[in-house]
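What you see below is based on every heavy atom in this structure, not just the backbone, and it leaves out hydrogens, waters and symmetry mates.
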Amino acid sequence: MFGTEAPETHLARLHLANFYLDNTNKISDASKIYENSYTKVVSKEIGAWHKDHLDILNHMAVLYELTDKYAEASSTLDKAGYVAASKYSKTDYQYAAELTNISRLEIKLGLYEKAEEHLNEALKILDGFRKEDDKKVYLVRAIEAQATLYGIKGMFDEAEDALDKSAKIISRSRTALVGLDDLATARELSSLFIQLGRYSITEDILTKLIAESEKLYGTNSLRLIDPLVDQGRLYLAKGDYTEADKIAERVNKIATDVYGETSTKTAPTQKLLADIDYTIGDYDNAEKMILKALASQEKQFGRNHIEVAKSLSELALIKFHKGDKPADVEKILVEAREIMGTKLGKDNPQYAEILKNVATVSISQKKYPEAFSVLTQAEAIWRAKTGTKTNINAAAIFTLTGDVYYQIKNYKQAEEFYTSARDIYEKYFSRTHPEYVKILSKQAKVYYQQKDFKRAKRNIEEALNNYEIFIKEYFPALSEREKAKYWNTIKGDFEFYNTLAFSNLDDFKDLSGKVYDYQLLTKALLLSSSIKIRERILNSTDESLKTSYSLWVEKKEFLTNALSMSTQQLADNGIDLNALNGEVEKLEKDSSQKSELFGQSFDDKKIKYTDVQKAIAKNDVAIEMVRYRHFDHTFTDSIVYVALYVKNDNARPKVVLLPEGHRMETRFFHYYRNSIISKMPDQYSYKVFWEPIQKELAPQQLFICLPMAFII
């Protein structure tokens, strides 16, 4: 009717672009329409009075924000504010609604003072319309935006009051509030609820939100990114690393497919992956991911932004655990601390989170007064913001405070702070939560130093039993490399138990059987499970699993070949080693997890030393090599090996001590290796490694031994 280039036709195309933004992932298509139809045609034909103008500008601002064009988004909303003021006047509810839109973007940009000004103005205008049901939706939006801002500023009581106020307006409305986007509201509030420690209500909100969003927009919609990130954070906080990892992988793929790797919209998914890697001790991968997130955040927001400060603080902690230079770590932390303090003030909970990281580094450097100072400050911030209520965030502060007291050998105070932290974790989660379990281990060492050996034994055994359950649930989702990384974070507790067992104290004389059982457990977990995976997959009827496994083998062989190529050869063949390695590891994790599910029906039985006794012949001896160090406040430099052996005689495992562990691992091991390489007669190895065992046992017996201690 109007022709393909008529303004009316271009206006219709803009309605299609609006639909793309509201309901699909077609960001690129929408962008082209806005450029061709609005910028080149419609903007020159319509004025502030046009009924669609404001809606188009708001959608364009969303587009610019989605594509990391924050300057354009800001200028577009400024224009929308001008249009609203011109069309309605500065006392009209629609002008107030535009101020709310502007404030939401300002919150994302870190312009909190401007956002607060605009929200206060909007709320003042909308208060005059609070009795009109058809206008209440705009008041609710403004109040919820204000709650988000309060949450960022750490004003939790005010945030909760705002949420309660919003809920009352909705419930008391005589009619349904037309235009209220329940999904958008849930997306924004879930992050706030997590910060407030309201995990149960957050889980309910996110479960419904994700299901409804998938139903409306599909399983790969960009609208799932924020709620999935929050769901991943929630599962991580709860200690369910398996689910957190699945969600993180899924949401990172959605974000990368829609936005690419260098977008600020992808950054939260990268930070979630970094948090999970950090938790399991995979600091190399954690650093890679946090650096990706930091690069996009800094590029778009500048260096002095709170999201940049949070990423810098996380990067510093990762580098600390990697063993980077303390001076480099401190420099990053100082910068993060200054940015956060400048942007939000030194009484903000997000500033307190950085102080916790500062304390961690200070404790390692024996700067105990500084650690006490920042932890006291952090605890005071949370106490001021949450009043008399116990907040989950205080638990980590109490744990670190206990660490300081432990280091200065004030065991009574250490135990009190550990108990306070433990009680909070139990209240918010359970006695099986990973952080609760870590505190059990810390308390066991406190009790040991206080010579309360029964409590030390009880605590460390409860910790190890929880590790056993946790490992069984989580390990199937890990690659072999990740399993080794996680083991490094907990193996000290198993070593402490070994130390108790062989300390010659009356309270621990019955532990040899349990040590043997733990050796069997950890050996099964830590030795390569490739053969077991292969057998399970080949015996299954799942053809897709077999195909996935074959692809993994093929990719792994290709990776092995690629590792031997020069930089030029890699470039010539278009091979990205990092991407290829990531692909191989993901295929490995998928195959491992699926094969574990298939194998659960026959692998649930836990092998114990009594099973070993029944499986060996009368003249056989099954030996487990156990490594430990003496413990006095911390592990000493001493290294002791124990040959823990069983016979087919229903007796407990017996012990052969090999006390020169350090020389066995260094001088004698090097001598043994050089003798093999040089094909020279070995004069010492038998005497050092086997003669003490041979003397203990009958010469005619068959030894069955796998020296796991040397492997780990």
Any chance you could measure [X], atom [atom1], to [Y], atom [atom2], to the nearest 0.5 Å?
X	Y	atom1	atom2	answer
N357	S362	CG	OG	10.5 Å
S103	E117	OG	CD	11.5 Å
L16	I33	CG	CD1	4.5 Å
L273	I290	CG	CD1	10.5 Å
I254	I225	CD1	CD1	6.5 Å
R130	L123	CZ	CG	9.5 Å

Does [X] reach the main-chain N or O of [Y] with its side chain, forming a donor-acceptor pair under 3.5 Å?
X	Y	value
T342	E338	yes
S296	A293	yes
S43	Y38	yes
D324	I318	no
Q270	E261	yes
Q350	G154	no
S311	V308	no
S75	E72	yes
T279	D275	yes
H118	N101	no

[Y] side chain reached by [X] side chain, heavy atoms, under 4.5 Å:
X	Y	answer
Y70	L105	yes
Y150	E160	no
N18	D52	no
Y351	Q377	yes
K271	V229	no
Y278	E314	no
I339	I306	no
L54	K87	no

How close do [X] and [Y] get, heavy atom to heavy atom, and via which atoms?
X	Y	result
T100	A145	CG2-CB, 4.3 Å
A61	A73	O-CB, 3.6 Å
A316	V329	O-CG1, 3.4 Å
H433	G239	NE2-N, 3.6 Å
G260	T266	O-OG1, 2.6 Å
L294	L312	CD2-CD2, 3.7 Å

Could you tell me whether [X] and [Y] have a side-chain N and a carboxylate O separated by less than 4.0 Å?
X	Y	result
K246	E243	yes
K310	E307	yes
E212	K208	no
E158	K153	no

Q.
salt bridge (charged side-chain N to carboxylate O under 4.0 Å, His left out) for K135 and E132? Distances and angles first, verdict last.
A. CA-CA 5 Å; K135 310 294 191 306; E132 300 181 36; 3.0 Å; yes

Q) Going by the angle between their ring planes, with limits at 30° and 60°, are Y283 and H321 parallel, tilted or perpendicular? A) parallel

Q) Do K288 and D284 pass the salt bridge (charged side-chain N to carboxylate O under 4.0 Å, His left out) test, and can you show the C-alpha distance, the side-chain angles, and the key distance before you say yes or no? A) CA-CA 6 Å; K288 289 177 185 176; D284 291 328; over 6 Å; no

Q) Should we count NZ of K165 as having more than 12 external heavy atoms under 6.0 Å? A)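 Count not over threshold, so no.
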
Q) So with a 6.0 Å cut-off around NZ of K322, is the heavy-atom count from everything else above 12? A)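 Enclosed.
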
Q) So which of T67, D68, T256, T269 actually passes side-chain hydrogen bond (donor to acceptor under 3.5 Å, both in side chains) with S263? A) D68

**Q.** Criterion side chain to side chain contact (heavy atoms under 4.5 Å, CB included) on Q231 and I210, from CA distance to verdict
**A.** CA-CA 9 Å; Q231 190 179 54; I210 291 169; 3.4 Å; yes

Q. Under the side chain to side chain donor-acceptor pair (under 3.5 Å) rule, what pairs show up with a residue in residues 20-29, not counting sequence neighbours?
A. D22-H59

Q) Got a sec, which pairs hit salt bridge (Lys or Arg N to Asp or Glu O under 4.0 Å) with one end in residues 346-360, sequence neighbours left out? A)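 Passing the test, one end in residues 346-360: E353-K356.
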
Q: Apply the test side chain to side chain contact (heavy atoms under 4.5 Å, CB included) to residues L11 and H50: give CA-CA distance (whole Å), side-chain angles for both, the deciding distance (0.1 Å), then the verdict.
A: CA-CA 11 Å; L11 190 60; H50 194 280; 3.8 Å; yes

Who pairs with [X] by ring-ring contact (aromatic ring centres under 6.0 Å, His included), at least two apart in sequence or on another chain?
X	answer
F19	none
Y138	Y93
H305	F301
Y88	none

Q | Steps toward salt bridge (charged side-chain N to carboxylate O under 4.0 Å, His left out) verdict (K69, E35) | A | CA-CA 14 Å; K69 296 179 180 178; E35 175 63 25; over 6 Å; no

Q: State, without any angle test, whether E98 and N58 hold a side-chain donor-acceptor pair at a distance under 3.5 Å.
A: yes

Q: Check step by step if side chain to side chain contact (heavy atoms under 4.5 Å, CB included) holds for I125 and D92.
A: CA-CA 7 Å; I125 296 168; D92 194 278; over 6 Å; no

Q: Could you give me the CA-CA distance, side-chain angles and deciding distance for N348 and K343, then say whether side chain to side chain contact (heavy atoms under 4.5 Å, CB included) is met?
A: CA-CA 10 Å; N348 186 276; K343 298 297 290 185; over 6 Å; no

Q: Begin with the C-alpha distance, continue with both residues' side-chain angles, and end with the deciding distance and a verdict on salt bridge (charged side-chain N to carboxylate O under 4.0 Å, His left out) for D230 and R233.
A: CA-CA 5 Å; D230 281 342; R233 288 173 55 207; 3.0 Å; yes

